[in-house]
Protein chains: 2
Amino acid sequence: MVEEPTKRARRGRAPAPAGRTGRPRQAEVARLAGVSQATVSLVLGGKQQGAAISQETRQNVLDAAGRLGYVPDPAARRLAAARNDLLGVFSFTATFPTDVQHSYYPFLVGVEREAAARGYDLVLFTGSSTGGAGAGGPHPLNRARLADGCLLLGRHAPVDELRRLVDDGFPVVHLGRRDEPEGLAWVGADYVSSSREVVERLASLGHRRIVLVREDDEAPASTDREQGFLEGLRVAELPETEAVFRSADPALDLTPERLRQWLAGGVTAFVAEETDSGGAWRALSTAVREAGLKAPRDLSLALLGSPPPDLADAPEPTGFDIPRAQLGAEAVRLLATLVAGEDVPERPVALVACTYRPGATAGPPPGARPAPG
Amino acid sequence: MVEEPTKRARRGRAPAPAGRTGRPRQAEVARLAGVSQATVSLVLGGKQQGAAISQETRQNVLDAAGRLGYVPDPAARRLAAARNDLLGVFSFTATFPTDVQHSYYPFLVGVEREAAARGYDLVLFTGSSTGGAGAGGPHPLNRARLADGCLLLGRHAPVDELRRLVDDGFPVVHLGRRDEPEGLAWVGADYVSSSREVVERLASLGHRRIVLVREDDEAPASTDREQGFLEGLRVAELPETEAVFRSADPALDLTPERLRQWLAGGVTAFVAEETDSGGAWRALSTAVREAGLKAPRDLSLALLGSPPPDLADAPEPTGFDIPRAQLGAEAVRLLATLVAGEDVPERPVALVACTYRPGATAGPPPGARPAPG
DNA sequence: TCCAGCTGTTAATGCGTATTAGTGATGCGC
DNA sequence: GCGCATCACTAATACGCATTAACAGCTGGA
């Protein structure tokens with residue numbers, strides 16, 4: 001005679017596996033250890049406070065858990081209003097695009113290291129754009145709530161959803177400056193100071209007229225660089241008029257003729273911003289080459305960021321490096337603070353300094369005497 | 001006088017867990033729509049089957065949900081569903097090492113894509129080696145049980161723990177051939193056929209004596225290549241004696257003299273295996289260069305795999321490419337099958353073919369007439 | 001002897017959702 | 001007008017864990 005199947009049994013059968021098969025619950029551990037589920041929770045919760053558990057019981061429970069290979073269910077943990085030691089990583093493009101160049105890899109290096117150091121595992125929310133796990137729901141970002149907190153990569157997260165998370169007090173940290181949803185925590189590179197420093201160094205080499213080449217984009221990363229550039233000019237008491245060359249398509253607008261024109265006008269150094277495409281720098285380099293010029297002999301060049309990888313064999317540009325791994329690590333650190341939720345910084349924002357890269361494309365302006373001293 | 005804080009209130013305050021803040025639950029939606037929570041669940045669950053909900057009620061619920069901005073709690077959803085739609089990715093080295101070259105990036109490309117397509121998110125278990133989240137427990141691999149199933153990268157997973165998982169019926173797929181724990185599912189590249197094909201092509205170019213250069217390693221990837229190589233010789237009816245040159249340190253043992261010796265003995269083609277370090281291929285290339293020889297003019301070279309990235313500017317070696325992204329995708333596919341648990345393949349193993357790469361380092365042997373036809 | 005005060009453990013409950021057994025109400029056939 | 005389906009929905013329960021009130025056993029002071 002067959003027992004009427006319990007709900008439990010039925011569940012365990014067909015859709016099966018993830019559930020019952022081999023995954024022990026606290027209840028099983030408890031049974032094996034000869035205690036109650038609550039005791040197991042107390043022991044494994046590892047709370048020092050208020051934990052009045054005898055050494056013996058504790059050991060029994062730990063042994064049992066070990067033998068069964070018990071691992072807490074993250075969803076249950078989370079639901080019970082505790083933490084599950086998971087940090088989410090959310091990007092609205094593929095985290096691992098086919099082309100390594102466009103990936104967040106450098107950041108992830110730091111993210112992984114710091115997360116590991118702090119005892120967190122990472123959840124990669126997939127296919128945020130391509131219709132992955134979250135494609136069903138109209139609120140993909142919401143999946144993030146499964147984790148204790150979430151890192152946001154890229155600028156494409158919809159503001160509304162994001163605001164929602166922030167307002168709900170869900171810990172989120174955006175990688176890269178981002179002002180939009182008020183109160184959003186972010187970690188960014190200090191483009192302003194770094195750009196200023198580059199300009200100051202050029203000035204101290206003797207350059208008196210410097211031009212910034214930038215693309216036509218209002219991203220914070222661009223405007224910050226421009227601000228730093230202008231500050232640098234000001235500090236060095238150099239003219240700011242016509243110092244910024246802005247073009248929607250530098251490859252077209254930045255001709256060798258234009259370049260010679262500048263040189264004739266007394267410009268001796270050029271600074272380009274780094275963008276995803278590297279368009280500004282690429283255009284600048286091309287124009288210089290086509291004009292038959294050479295840096296740093298005929299003019300000085302600097303890049304506010306790292307060169308695109310396909311130009312890796314070119315001489316190393318003077319400029320600065322963005323410490324991406326460090327940014328990633330910093331973001332995790334901040335996120336961990338928010339998750340802990342104890343002493344939330346009033347302005348949950350972190351700026352990381354970039355490191356100056358001497359490089360080989362800048363020197364004294366042509367015709368200048370060797371640097372004094 | 002301060003009210004004694006209720007549990008509820010305390011929770012909502014400091015750590016600000018997923019909870020209370022203002023986020024509506026199904027219960028609230030239900031109240032607003034004048035129905036029961038269960039009805040809300042049924043409507044929003046979007047199940048066609050068995051859902052006997054009137055059009056009117058359905059609309060009411062949807063309206064209410066919309067007005068409140070209801071969003072399901074993923075933790076609760078997953079708890080109730082007895083699955084969490086998470087696939088683990090476990091490696092015993094950092095998943096994102098500082099050096100991109102040593103990373104699993106190419107695999108992850110495929111893993112992410114396929115996981116997204118199937119609605120899974122990924123859990124990256126951090127610091128599996130460096131003492132991350134799981135360093136405490138003596139059984140780091142156990143953390144994998146947190147997910148519905150787990151992908152294993154790299155060959156360093158301890159057999160005992162692994163066997164444990166497999167025996168428990170926990171879905172695991174190893175990326176790369178692996179026989180050790182009986183019954184372990186894996187996905188690997190078909191090195192045997194691919195290597196054989198390379199040899200056959202060389203033979204059909206007219207080469208009669210071919211030597212394989214390999215490192216002193218017993219990894220399946222190495223032995224498979226050798227097997228394929230030997231099979232290739234056999235098929236082409238070429239001599240197998242002294243055809244395999246095995247060295248613990250090819251950079252030392254593979255001298256230009258040795259090379260000339262071989263050539264003098266009638267060898268016209270060399271095949272190197274690909275390894276992490278690329279040692280064999282590197283040594284071979286160096287020896288050829290130092291001997292003042294050129295491929296394919298003086299001899300033919302082939303590489304059983306992809307060249308190390310730092311040799312990217314060298315002529316493209318003849319050989320085959322390992323479809324890493326495809327391997328990753330295949331692994332996820334297999335893992336998903338195991339997780340679903342319905343029709344588990346009896347032999348949960350998948351071989352993926354490599355694609356032949358014509359390259360530019362192989363041609364007819366010197367002195368041979370042009371290929372007939 | 002009795003009770004206050006510990007200590008160590010458990011029973012009970014809640015988190016938000018999915019699922020299923022069950023309940024009225026209605027319609028249908030005869 | 002009486003069963004009997006069917007329909008539309010609700011009540012109840014489970015999911016796995018954390019948390020807390022409560023309880024049993026014990027000690028020591030009065």
Side-chain angles (χ1 to χ4, degrees), chain A residues 4-12 14-15 18-20 23-31 33-47 49-58 60-61 65 70-85 137 142 145-146, chain B residues 4-8 10-12 15 17-21 23-31 33-47 49-61 65 70-84 145-146:
Chain A
E4 181 184 358
T6 70
K7 184 174 175 185
R8 199 52 181 270
R10 230 175 306 115
R11 275 207 184 166
R20 307 292 338 118
R23 196 137 51 132
R25 317 277 105 154
Q26 285 189 347
E28 272 117 278
V29 176
R31 210 171 307 139
V35 298
S36 74
Q37 175 266 328
T39 303
V40 174
S41 176
L42 287 177
V43 171
L44 298 182
K47 288 275 201 265
Q49 247 188 352
I53 302 285
S54 74
Q55 205 43 242
E56 190 190 338
T57 304
R58 179 181 302 277
N60 284 343
V61 169
Y70 169 80
V71 167
D73 178 321
R77 252 170 112 93
R78 183 103 191 112
L79 185 58
R83 46 185 306 179
N84 55 20
D85 292 336
N142 207 57
R145 294 183 194 262
L146 179 68
Chain B
E4 179 184 357
T6 68
K7 180 177 172 184
R8 207 46 184 272
R10 228 179 305 119
R11 277 203 185 165
R20 302 305 325 129
T21 321
R23 221 148 66 84
R25 319 277 105 155
Q26 285 189 348
E28 272 115 281
V29 176
R31 210 170 308 141
V35 299
S36 73
Q37 175 267 328
T39 304
V40 175
S41 176
L42 286 177
V43 171
L44 298 182
K47 289 274 200 264
Q49 249 188 349
I53 303 285
S54 74
Q55 206 44 242
E56 188 190 341
T57 304
R58 178 181 302 276
Q59 201 44 244
N60 284 343
V61 170
Y70 168 80
V71 169
D73 179 330
R77 201 195 262 277
R78 288 175 184 190
L79 180 57
R83 55 182 285 170
N84 54 28
R145 296 178 190 260
L146 176 151

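Proteins get letters first, then strands, A, B, ... in listed order; numbering begins at 1 in each.
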Checklist entry - Contact class for B:S54 vs. all strands (heavy atom < 4.0 Å): base, sugar-phosphate, or nothing? => result sugar-phosphate
Checklist entry - With sequence neighbours excluded, what pairs up with A:N142 under the side-chain hydrogen bond (donor to acceptor under 3.5 Å, both in side chains) test? => result A:R145
Checklist entry - OP1, OP2 of C:dG8 versus side-chain N and O of A:Q55: anything below 4.0 Å? => result no
Checklist outcome for this item: Students should find that the end-to-end axis angle of the helix from C:dT1-D:dA30 to C:dC30-D:dG1, with five pairs defining each axis and rounding to 10 degrees, is 70°
Next on the checklist: If the condition is side chain to side chain contact (heavy atoms under 4.5 Å, CB included), which residues does A:A38 pass it with, not counting sequence neighbours?
Outcome noted: A:S36
Checklist entry - D:dT10, C:dA18, D:dT19: which one has an atom nearest the side-chain heavy atoms of A:A38? => result D:dT19
Item to check | Whichever of B:E56 and B:A76 has its nearest DNA chain D nucleotide further upstream toward 5' | outcome: B:E56
Next on the checklist: Does A:R77, at its CZ atom, have more than 12 non-hydrogen atoms belonging to other residues, nucleotides or ligands within less than 6.0 Å?
Outcome noted: yes
Next on the checklist: For a quick test of reading the model: is some side-chain N or O of B:Q37 closer than 4.0 Å to OP1 or OP2 of D:dA12?
Outcome noted: no
Checklist entry - To the nearest angstrom, how far is B:L79 atom CG from C:dG14 atom C1'? => result 12 Å
Checklist entry - Could you state the CD1-C1' distance from A:I53 to D:dT19, rounded to the nearest angstrom? => result 13 Å
Item to check | Residues which pass side chain to side chain contact (heavy atoms under 4.5 Å, CB included) with A:Q55, listed by chain and number, not counting sequence neighbours | outcome: A:R58
Checklist outcome for this item: Here the distance between atom P of D:dC17 and atom CZ of B:R78, to the nearest Å, is 16 Å
Checklist entry - Whole Å only: how far is the CG atom of A:D85 from the P atom of D:dA18? => result 11 Å
Checklist entry - Separation of B:D73 atom CG from D:dG16 atom C1', in whole Å? => result 14 Å
Checklist entry - Is B:R25 near enough to C:dG16 that one of its side-chain N or O atoms lies under 4.0 angstrom from OP1 or OP2? => result yes
Item to check | For A:R83, all residues meeting side-chain hydrogen bond (donor to acceptor under 3.5 Å, both in side chains), sequence neighbours excluded | outcome: A:D85, A:Y120
Checklist entry - Checking all strands, does B:V40 fall into the base, sugar-phosphate, or nothing category for heavy-atom contacts under 4.0 angstrom? => result nothing
Checklist entry - Is the backbone of B:L146 close enough, under 3.5 Å, to the side chain of A:D73 for a donor and an acceptor to pair up by distance? => result no
Next on the checklist: Could you tell me how far apart A:R58 (CZ) and C:dT7 (C1') are, to the nearest whole angstrom?
Outcome noted: 14 Å
Checklist outcome for this item: Atom CG of B:L42 and atom P of C:dT20 are separated, to the nearest Å, by 10 Å
Checklist entry - At under 4.0 Å, does any side-chain N or O of A:R77 touch on OP1 or OP2 of D:dA18? => result yes
Next on the checklist: If the cut-off is 4.0 Å, is A:T57 near the phosphate of C:dT9, judged by side-chain N/O to OP1 or OP2?
Outcome noted: yes
Item to check | Nearest-Å distance for atom pair CG/P, residues B:N60 and D:dA8 | outcome: 14 Å
Next on the checklist: Which residues pass the side chain to side chain contact (heavy atoms under 4.5 Å, CB included) test with B:V35, not counting sequence neighbours?
Outcome noted: B:A30, B:A33, B:T39, B:V40, B:T57, B:V61
